[in-house]
Structure formats: C-alpha cells, structure tokens
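Okay, so here's the structure we're looking at.
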Amino acid sequence: MKLGKDMTNTQIAELLRAIAASYQLKGEEKNRFRIIAYQRAADAGEHASSELKDLWDDGKLKEVPGIGESIASHLDEIFRTGTSKHFEAVMKGLPPAMFELMEVPGIGAKTAQKLVSELGIKSLSELEKAAKKGKVAGLGGFGEQSQSDILKSIEETKGRTKRQLLPYAAAHAGAIIEWMLKNKLVKRADPLGSLRREASTVGDIDIAVATDHPVEALAHFVKYPKKSRILEKGDRTASIILPGDVQVDLMVQPPDAYGALLQHFTGSKHHNIALREYALKHGMSLSEYGIKIKGKLNKFSTEEDFYKKLGMDWVPPEIREDTGEIETALTHKLPNLVELKDIKGDLQIHSDFDIETSHDLGESSMQDVVKEADKLGYEYIAFTEHNPSKSKHNEQQVIDILKRKKEAIEKLNYSFVKNHCKSVKKVFNSLEIDILPEGGLSIPDTALDLLDFALVSIHSSFRMERNSMTKRVISALAYPKVKIFAHPTARKLNEREGIELNWQEIFEYCTKNRKFLEINAEPSRLDLPDSVVREAVKAGVKLTLGTDSHHKDGLKNMIFGISVARRGWAEKEDIVNTRSLKEIEKMLE
DNA sequence: GCCGTTTTCGGCCCGACTGTTTTCAGTCG
C-alpha cells in the first residue's frame with residue numbers, strides 16, 4: 001500500500017478498504033461499525049464523480065456522502081504531505097502481502113492474514129505455489145476443498161481483470177435468458193444488477209427467474225451448455241463460470257414474490273441499503289422475499305407494488321444509486337427520463353468520404369448511412385469525419401478537401417435525401433476537429449466557414465494538468481462555429497482513464513455560450529460518464545447524443561448513449577437532438 | 001466512523017452459500 005499526494009480515487013478506495021480490513025483484524029467489537037464506515041467511504045471514493053483530490057482542492061471533500069470529519073482529515077494529510085500518520089499506524093504490523101491476497105474472490109481479511117502469517121508467504125504468486133504444493137490444505141480451518149477453490153480463484157482473477165462492456169454483457173445475459181425460458185417451469189427471466197441498471201461496464205451477470213419449481217430451474221441453469229464450470233449451487237441461487245471467466249449468478253423466486261427479488265438484486269447496493277434504512281425507520285424490513293411488517297411477510301409480484309408499499313414511486317433501475325432518487329420517489333418528483341424514441345437524429349457519424357485524415361475513416365458510404373438513418377426514423381444526421389491530417393497538407397489543401405466534402409453533402413441533400421428519404425430531411429456538414437495542446441484547432445480558421453457547425457475533441461496530450469486542460473478546451477470551444485465538445489473525457493473503458501477537467505468551469509462556459517457536451521454512445525467510450533452527465537444536467541448544460549459510428553451498423557448504438565443519459569437523470573429537454581430539425585438548426589446557428 | 005423526515009446521541013441492511021465444523025465463521029452481493 002503506497003500512499004502519496006497524487007492518489008487516485010481507485011487507490012484511495014483500496015487504501016480505505018485496507019484500513020477497514022486492518023480494523024477488522026484487530027477484532028474489537030466497538031470497531032464493527034467503524035469497519036463498515038471505512039468500507040462505505042471506500043465505495044464513495046470509487047463512485048465519486050470527481051477526483052477526491054480535486055474536491056479536496058475545492059474544499060468539498062466532506063460533501064462526499066460517507067466521508068466525514070475524521071476520514072476527510074486523514075485524506076487532507078495525505079494530499080498535503082503524501083502520508084497519514086494515523087493510517088500508517090493502523091496498518092502497522094500487518095503484512096503488505098495480505099492486501100494483495102484479499103483481491104482474490106473468496107479471500108477476505110481473516111483468511112488473508114492466516115495464510116500470510118502461517119505460511120510465511122510474501123505475495124500472491126507465493127500463495128499459488130504453496131497451494132500447488134498442498135501446503136494450504138494442512139492449515140487448521142482449511143482443507144483440500146478450500147485449497148483447490150483458492151487455486152481456481154487465483155486462476156480466474158488473472159483472466160478477469162477487466163469488466164465487460166455493456167453490449168457484451170447484454171448478449172451473454174440474452175443467451176442465458178433464452179436458455180432458461182426453454183424450460184417450461186420457468187415463467188419469467190430478467191437481467192439484474194448493473195446490467196439491468198445499464199451501467200457502462202458490467203462485472204458479474206445476474207439473472208432473476210420466476211418459477212414455482214426452484215430446484216428444477218436451478219438444475220436446468222447449471223446445465224447451461226456453454227458454461228465452463230459450476231461455482232456453487234444451493235436451493236435458491238446458483239453460480240456458473242462462462243468461458244472468459246465471466247461469472248453468472250441466478251436467483252429464483254415464485255411468481256408471487258418476483259417483484260421483491262427483482263428489486264433486491266437489481267441494487268445498487270447503496271440504493272438498497274438506503275432503502276432498507278428508510279424502511280426500518282417506518283417499521284418495515286426489506287428482503288428479497290418481500291416486506292416484513294410487524295413480523296408478517298408481505299409478498300409482491302411486481303416492483304411497482306413493492307415501491308408503492310414503501311410510499312414511493314417506482315424508481316427506474318438506471319438511477320438506483322442512492323444519489324437522491326429515494327427522496328425524489330417519496331415526493332413523487334422523479335425525472336421523466338429521456339427515451340430512445342425521443343431521439344430525432346445522430347450528431348456524430350463518420351462516413352467513408354476520403355478526407356485524408358490522420359485518424360480513422362468511416363467504412364460506409366454517405367448514402368448507406370443516410371439510408372440507415374432513414375430506417376431509424378431520424379430527421380437529420382451530421383457527418384463528422386476527423387479533420388484532414390495537418391502534417392500531410394498545407395492550409396490550402398485542407399480547404400480544398402473541405403470544399404469537396406461540402407459539395408458532396410450539398411448534392412446529397414438536394415438529390416438523395418430529397419428523393420429517397422421518408423424521414424431524413426437534412427444532412428449536416430460537420431467535422432470532428434482535434435484540439436491542439438495549446439488550445440487551437442487543427443484546421444485553418446477560414447476553413448471553419450465551410451461547415452454547418454463543428455465538434456471538437458482531444459486526441460493527443462491527454463496528461464495535462466487540470467487547469468491547463470480546462471483552458472485548452474475552453475479556448476477551442478470559443479470559436480463560433482464550434483458547438484459540441486465530443487467525448488469530453490477522452491476515456492476508453494478498460495484502456496485509458498479520462499483527462500482531468502474543471503467541470504464546473506466547463507459547465508459554466510457551456511451554459512453561457514450555448515455550447516453542448518456530447519454523450520458519445522460508442523460502447524467503449526460512453527463519454528460523458530454518467531456521473532458527469534448528472535452534474536452537467538444539474539448545472540443546466542444541454543447535451544448531444546452521437547454514436548461516433550464508423551459503419552452504418554453503428555447507428556444502433558444510440559441505445560447505449562440513452563442508457564448513459566438516463567443514468568445521469570437527463571430528460572428529453574436536456575438532450576439537444578430530441579429537438580425537431582427547425583429547432584436544432586436554430587441551436588446550431 | 002458516519003449521520004439526521006423520530007435522533008447532534010445512539011443507532012447503523014439482510015440473507016445465501018460453503019467448508020470445516022458439530023453450531024459457526026468467513027465471504028459475498
């Protein structure tokens with residue numbers, strides 16, 4: 001555990017979990033709730049919409065729910081000095097290898113400590129060697145079974161460093177649901193957990209099944225032909241592992257109690273904890289079986305009835321994160337979240353028009369894309385190829401290329417769109433322009449006049465300090481033709497962290513100057529991230545949805561952008577391209 | 001250690017599964 005002034009949220013979460021584990025091992029009863037508090041603070045850090053260090057910079061650390069006086073003061077010390085005397089003291093005497101072992105599913109604090117102290121191992125790989133030699137099975141409290149479980153778990157941890165992107169998880173879940181419904185005893189099957197909440201990445205896949213024959217349903221589940229092994233199987237739940245080390249958990253419940261099951265396992269954990277705490281204060285106890293009132297269990301076949309019993313409106317799964325939705329559901333003021341059918345156009349598409357860019361070109365022709373957009377019932381789309389390569393062309397050559405593109409789109413509008421489209425009325429001539437490190441654009445200023453409007457985005461120098469990066473972006477947005485900041489954090493899920501920005505400053509600039517932030521619907525981006533969408537919506541910033549398609553089939557990814565928008569509490573009004581062509585032309589003028 | 005639609009003190013979510021045990025501890029979601 002390395003402490004330092006520049007700890008990221010992930011590292012801080014790891015640290016706080018280590019502190020929780022340390023307290024757990026000290027084993028004093030009074031520590032019980034302190035342990036939970038540290039675990040909650042770790043979760044809070046992990047889910048925070050901004051870097052904790054930035055919040056600390058702004059004096060807002062304590063505004064993060066779960067971080068109070070004490071933890072904030074320790075973090076303050078870390079950000080100032082690079083260490084915390086208190087945290088160092090708490091972890092003192094505990095072997096560092098322990099914390100590494102705890103990353104293996106099935107190994108918690110106590111198991112880790114026992115393994116490290118009794119086997120004298122110093123790393124995860126040493127544990128693996130010891131287990132292979134049969135040394136673990138000989139320890140008190142361990143046996144052959146737990147030894148082989150540990151080995152399997154280590155093996156799977158190696159393969160499973162990445163969370164799945166939403167479309168892949170959805171495909172897995174779809175196949176399993178189809179398999180479950182083949183069994184006549186299964187009445188219903190639905191996705192649960194982060195998949196049902198449509199989070200951008202999904203860990204384990206959870207599935208709910210309604211049946212009066214749980215044993216048979218679970219037996220059918222573990223016979224799933226594509227599984228690589230069965231992890232566990234009880235009377236109410238079972239887990240299997242798919243190739244690629246994807247874990248699938250299945251939960252069953254009779255149809256008359258299915259609503260409670262759906263609610264319970266859809267989560268999020270934080271939503272459920274907050275909900276149960278609220279219920280407890282009102283004399284009710286919640287579980288996956290229903291709502292207990294004065295010792296009597298009430299069952300619910302639907303989630304709507306479950307929430308109704310608590311005196312609140314049904315909460316859309318996408319916003320069940322305990323960030324205010326419970327209070328809002330109680331006062332019947334939940335947002336009317338944007339839906340796919342509200343979308344009237346796609347504002348980021350790359351065609352195969354040869355614009356001689358240094359980035360990637362699209363693969364489908366403009367006509368094929370327009371045909372696809374027409375099928376989707378869109379009123380308009382924008383072609384937003386990357387700017388022509390700056391190094392390979394002089395200014396005049398760039399202007400010539402952009403003139404050619406402008407003419408091509410004009411022709412498209414006058415002929416193809418007019419004569420062959422049912423719903424599409426206009427194709428916008430746009431461009432995705434690189435923001436240079438010093439804040440300029442990578443096309444000559446005069447070339448901007450050839451466009452209807454422009455997107456700007458960052459494709460280089462990702463590691464700039466927050467204030468310089470913010471300046472860089474704002475100076476690019478200042479060009480009148482520039483309307484949209486595309487994939488604003490430039491993150492790539494599982495590959496690259498996003499850039500650092502002062503969001504409040506960006507939000508303020510956007511609202512004052514009618515600039516828009518994009519929700520990029522490309523599944524490996526989903527950028528803005530949902531938590532930032534929430535902040536942007538609160539700040540009154542208007543957002544655009546674009547698929548960043550490089551092929552006509554990519555247009556259908558819009559649904560994933562909708563998921564992000566919904567998770568950020570965006571309503572129809574918050575999204576620019578829910579507007580009609582007339583309105584949007586005005587907004588982009 | 002955190003927090004407030006009973007509370008600034010006194011609470012703090014709920015249950016399943018497994019292995020190694022003989023009634024439970026540890027872990028997970």
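In what follows, chains carry the letters A, B, and so on, assigned in the order in which the sequence lines appear, proteins first and then strands, with residues in each chain numbered from 1.
Here the two rings, on A:Y278 and A:H282, have centers that are under 6.0 Å apart.
Within 4.0 Å of A:S239, counting heavy atoms only, lies no atom of the nucleic acid at all.
For B:dT6, the OP1/OP2 oxygens have a side-chain nitrogen or oxygen of A:H282 closer than 4.0 Å. Put simply, A:Y289 has a side-chain N or O that comes within less than 4.0 Å of OP1 or OP2 on B:dA16. Taking side-chain N and O atoms only, A:H86 has a distance below 4.0 Å to OP1 or OP2 of B:dG1.
Of the listed nucleotides (B:dG19, B:dC14, B:dG26), B:dC14 has the atom at the smallest distance from the side chain of A:S285. Closest approach to the A:R34 side chain among B:dG19, B:dT27, B:dG1 is made by B:dG1 (side chain taken as heavy atoms from C-beta onward).
Considering every non-hydrogen atom in both A:L139 and A:L119, the closest pair reads CD1-CG, 3.9 Å.
B:dG29: Watson-Crick or G-U partner is B:dC14, with both key distances under 3.5 Å.
A heavy-atom distance below 4.0 Å to DNA chain B is reached by these residues of residues 65-74 of chain A, ordered by number: A:P65, A:G66, A:I67, A:G68, A:E69, A:S70, A:I71.
Across the protein-nucleic acid pair, A:N272 atom CG and B:dG29 atom C1' stand 10 Å apart, rounded to whole Å.
Side-chain atoms of A:T83 and A:E88 form a donor-acceptor pair, as typed in the model, at a separation below 3.5 Å.
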